[in-house]
Amino acid sequence: SYVTKIEYSSSHVTIAYISEGETKTIKAKKALITVPLGVLKNEDIIFSPSLPIWKSSAVESLGFGV
């Protein structure tokens, strides 16, 4: 399974993911998201609304490795 989209608001989070070729969703009050830096840099996960500029700028400025 892999996450494709994260929709968030002040009241809940909806996470869309692909499992066995099918798109499924989970809805929760909150979610803790941890993904590799490369996934964020490649924008493999769609955030809705988009991440704030300061967060996306921080992701872009980080490098890989030591």
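Quick note: numbers below take in every heavy atom, side chains included, and nothing from hydrogens, waters or symmetry partners.
In this structure the side chain of Pro49 reaches within 4.5 angstrom of the side chain of Tyr8, judged on heavy atoms. No side-chain heavy atom of Ile46 sits less than 4.5 Å from a side-chain heavy atom of Thr4. Counting heavy atoms from C-beta outward, Phe47 and Leu40 have side chains that approach closer than 4.5 Å. Looking only at side-chain heavy atoms (C-beta outward), Lys29 and His12 stay at 4.5 Å or farther from each other. With contacts defined as side-chain heavy-atom distances shorter than 4.5 Å, the pair Thr14/Ile26 does not qualify.
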- Task: Before giving the answer on side chain to side chain contact (heavy atoms under 4.5 Å, CB included), spell out for Leu37 and Phe64 the whole-Å C-alpha distance, their side-chain angles and the decisive distance to 0.1 Å.
- Result: CA-CA 8 Å; Leu37 180 59; Phe64 291 100; 4.2 Å; yes
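Of all heavy-atom pairs spanning Lys41 and Glu60, the tightest one is NZ-O, 3.1 Å. In terms of heavy-atom proximity, Val3 sits nearest to Ile45 at O-CG1, 3.7 Å. Looking at every heavy atom in both residues, Ser61 comes nearest to Ala58 through OG-O, 3.0 Å.
Checked by atom type and distance alone, the side chain of Thr25 never pairs as donor or acceptor with a backbone atom of Ile15 at under 3.5 Å.
Under the 4.5 Å side-chain heavy-atom criterion for grouping Ile, Leu, Val, Met, Phe, Trp and Tyr, Leu51 is connected to Leu62 within one hydrophobic cluster. Both Val39 and Val13 belong to a common hydrophobic cluster when Ile, Leu, Val, Met, Phe, Trp and Tyr are linked at side-chain heavy-atom distances under 4.5 angstrom. Under the 4.5 Å side-chain heavy-atom criterion for ILVMFWY residues, a single connected hydrophobic cluster contains both Ile33 and Val59.
Taken to the nearest 0.5 Å, the OG atom of Ser11 stands 11.5 Å off from the NZ atom of Lys30.
More than 12 heavy atoms of other residues, nucleotides or ligands lie within 6.0 Å of NZ in Lys24, so this atom counts as buried by the packing criterion.
Of the charged side-chain nitrogens involved, at least one lies within less than 4.0 Å of a carboxylate oxygen, so that Lys5 and Glu7 count as a salt-bridged pair.
Applying the under-4.5 Å side-chain rule to Ile, Leu, Val, Met, Phe, Trp and Tyr, the cluster around Ile53 consists of that residue alone.
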